[in-house]
Amino acid sequence: MQTNFSLAQLADPHVAESEKILRKCVHCGFCTATCPTYVTLGNELDSPRGRIYLIKDMLENGRPADKEIVTHIDRCLSCLACMTTCPSGVNYMHLVDHARAHIEQTYKRPLLDRLIRAMLAFVLPYPSRFRTALKLARLGKPFIGLFEKLPALKPLGAMLKLAPASIPAASPMASPGVHAGKGAKKGRVAILTGCAQSVLDPAINETTIALLTRLGVEVEVPQGEACCGALVHHMGREEAALASAKQNVDAWTRAIDQGGLDAIVITASGCGTTIKDYGFMLRLDPAYADKAARVSSLAKDITEYLASLDLPEPVRKPGTVVAYHSACSMQHGQKITRQPKELLAKAGFVVREPREGHLCCGSAGTYNILQPEISAKLRDRKVKNIEATGAEIVATGNIGCITQIASAAKLPVVHTIKLLDWAYGGPKPDGVSEGRLVAAE
Ligand code: SF4
Ligand code: SF4
């Protein structure tokens, strides 16, 4: 794509980076076929190619964002299916991240929208605030119907709907410390405790630590970790995202310096995509660029790390039919497609893949709160495809997808690690009834 940025504009490294990305796009439109918002809404401006044109026009003319561009960029899930499809290697992720930061700096959203976004940014990345908010949400549940009738308050209705009826107790394993591996030492890793996941399902990290230590891997929960920053990053709040990234880089650099790390293990693929991008996000900061690049190179999804180990034979082979839902951040963001399915199959599960596996479930960070209507359409389409597999359980590697799919599916939805841990000698996962786990033999 031809671009017409001035030399003065290109002196801004963010603009220069976006210009490089724009020039790679050859307008072929292949990406439209796999874009969930184009497939759902049928409007070119809600396709990757349409958004690329809008972003180009805004940046090239040095214009502040307007209502039209904000509408279409807000509808983008950042699912990155377009990046998987694009034959020209267009880095849509970095382009839309830049556009979102530009929108945040130049566009004044309506008051209620600003308040809701500010509340999400204030609450979600902090486990104690999120826990309190979920408790308060119980009081708001009777008003869901009312909020859903008023367009500006729909996000509040969506938020209350997603809030679980009960909240598990905080996990003692999330506290900083070292969990020694059993037997011969196979490795040493740090684990991201995370924010929303640690409140909604602390058992995911507990299970991960239990399985890794049983396999002989030492696991450190480093002092001073923060939310990965993805939630605010996708809202265009660059400063807050970079502050979180730096806090984590500092925490993991201390862990590297103290005992070395084979990997930084992440159990939510949405976080993994962002941490693997820290090297890019902090490239312009001389105090952090090298450290951030090292952290990004060590970041591994738990399935990616497990696949790199020489695993023993499973203790039991459940034979359970599992529908594997590949989160967008897993398959498009991190290009991890093989490992989770292979690990499940090796552990004795029968893995089925739903149709249209490339399409997002509509969760996408805060998307299911801020764009509840498109999100619900995508969720229902996903659940229909999952249920058509005839599976007994759904496995996935991202807490956002677990919450989203479980809000409409009749099947139990569990994190992949819980099924693997069960096969390798751990307890039966919560929420899976005994009858569903039938021995293979
Ligand atoms: S990130 Fe997803 S929703 Fe956004 S343009 Fe790409 S495919 Fe479409
Ligand atoms: S597939 Fe790639 S090159 Fe083609 S229009 Fe989409 S982003 Fe541009």
Side-chain angles (χ1 to χ4, degrees), residues 1-3 17-60 65 68-103 230-231 233-236 269-270 272-274 276-277 280 325-335 337 356-379 381-382 398 400-401 404:
M1 180 184 284
Q2 233 190 355
T3 57
E17 187 63 36
S18 289
E19 194 248 7
K20 265 202 277 171
I21 299 169
L22 288 166
R23 289 174 77 88
K24 280 196 169 176
C25 177
V26 294
H27 329 232
C28 64
F30 288 169
C31 51
T32 56
T34 56
C35 171
T37 53
Y38 182 73
V39 169
T40 306
L41 304 167
N43 180 350
E44 171 75 15
L45 293 179
D46 289 313
S47 78
R49 184 172 60 181
R51 292 186 177 113
I52 287 170
Y53 277 119
L54 288 172
I55 295 170
K56 175 180 183 286
D57 185 52
M58 174 176 74
L59 295 180
E60 227 172 36
E68 187 190 37
I69 190 162
V70 172
T71 300
H72 299 293
I73 297 296
D74 280 357
R75 284 185 192 154
C76 170
L77 296 131
S78 276
C79 70
L80 310 180
C82 46
M83 283 180 62
T84 299
T85 313
C86 177
S88 299
V90 171
N91 194 321
Y92 177 84
M93 175 171 84
H94 290 159
L95 186 66
V96 82
D97 286 346
H98 181 198
R100 289 203 165 109
H102 186 81
I103 288 171
L231 288 166
H233 190 45
H234 292 158
M235 284 196 258
S269 58
T273 304
T274 298
K276 287 182 178 180
D277 201 39
F280 177 82
H325 163 73
S326 187
C328 296
S329 43
M330 190 77 84
Q331 60 172 318
H332 304 306
Q334 299 185 58
K335 308 286 182 234
T337 51
E356 300 186 325
H358 62 281
L359 282 186
C360 181
C361 68
S363 165
T366 54
Y367 194 90
N368 50 4
I369 295 170
L370 296 170
Q371 299 284 338
E373 278 150 356
I374 305 171
S375 167
K377 280 188 188 153
L378 289 169
R379 179 201 61 200
R381 187 169 179 152
K382 179 63 68 185
N398 193 44
C401 308
Q404 173 83 345

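As a basis for the values below, the full set of heavy atoms in this structure was taken, side chains included, without hydrogen atoms, waters or symmetry mates. All ligand and atom numbering here is 1-based and tracks the order in the structure.
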Per-residue contact class, Ser78 against ligand 1 - non-hydrogen pairs under 4.0 Å:
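It is the backbone that touches ligand 1; the side chain stays farther off.
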Within the 4.0 Å heavy-atom cut-off, what Tyr92 brings close to ligand 1 is side chain
[atom] [closest protein heavy-atom partner, distance rounded to 0.1 Å]:
atom                    : value
atom 8 (Fe) of ligand 1 : Cys35 SG, 2.3 Å
atom 4 (Fe) of ligand 1 : Cys76 SG, 2.4 Å
atom 7 (S) of ligand 2  : Ile52 CD1, 3.7 Å
atom 3 (S) of ligand 1  : Leu77 N, 3.4 Å
atom 6 (Fe) of ligand 1 : Cys82 SG, 2.4 Å
atom 2 (Fe) of ligand 1 : Cys79 SG, 2.3 Å

Does atom CD of Glu373 have more than 12 heavy-atom neighbours from other groups under 6.0 Å away?
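Counting neighbours around CD of Glu373, 12 or fewer heavy atoms of other residues, nucleotides or ligands fall under 6.0 Å, so no.
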Heavy atoms of other groups near Lys335 NZ, more than 12 under 6.0 Å:
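Enclosed.
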Provide the closest heavy-atom pair for Thr274 versus Ala230 in the form atom of the first, atom of the second, distance.
OG1-CB, 3.2 Å
So which heavy atom on Thr34 is nearest to which on Leu359, and how close?
O-CD2, 3.9 Å
Can you tell me if Thr85 contacts ligand 2 (heavy atom of the residue under 4.0 Å from the ligand)?
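Outside the 4.0 Å threshold, so no.
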Do the side chain of Ser47 and the main chain of Glu44 share a donor and acceptor less than 3.5 angstrom apart?
yes
Looking at Ser269, is its backbone amide N or carbonyl O close enough to the side chain of Asn398 to form a donor-acceptor pair, meaning the two atoms are under 3.5 Å apart?
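A pair under 3.5 Å: yes.
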Audit row: Cys401, Lys382, side-chain contact (heavy atoms from CB on, under 4.5 Å) steps and yes/no
CA-CA 10 Å; Cys401 308; Lys382 179 63 68 185; over 6 Å; no
Metal environment of atom 4 (Fe) of ligand 2, protein N/O/S under 2.8 Å
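Cys28 SG, with waters left out.
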Residue Leu80 vicinity, atoms of ligand 1 by number, heavy atom under 4.0 Å
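Listed by number with element: 1 (S), 2 (Fe).
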Would you mind listing which atoms of ligand 1 come within a distance below 4.0 Å of any non-hydrogen atom of Arg51?
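Counting atoms of ligand 1 from 1, those under 4.0 Å from Arg51 are 3 (S), 4 (Fe), 5 (S), 8 (Fe).
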Evaluate side chain to side chain donor-acceptor pair (under 3.5 Å) for His72 paired with Asn43, printing each intermediate quantity in order.
CA-CA 10 Å; His72 299 293; Asn43 180 350; 4.6 Å; no
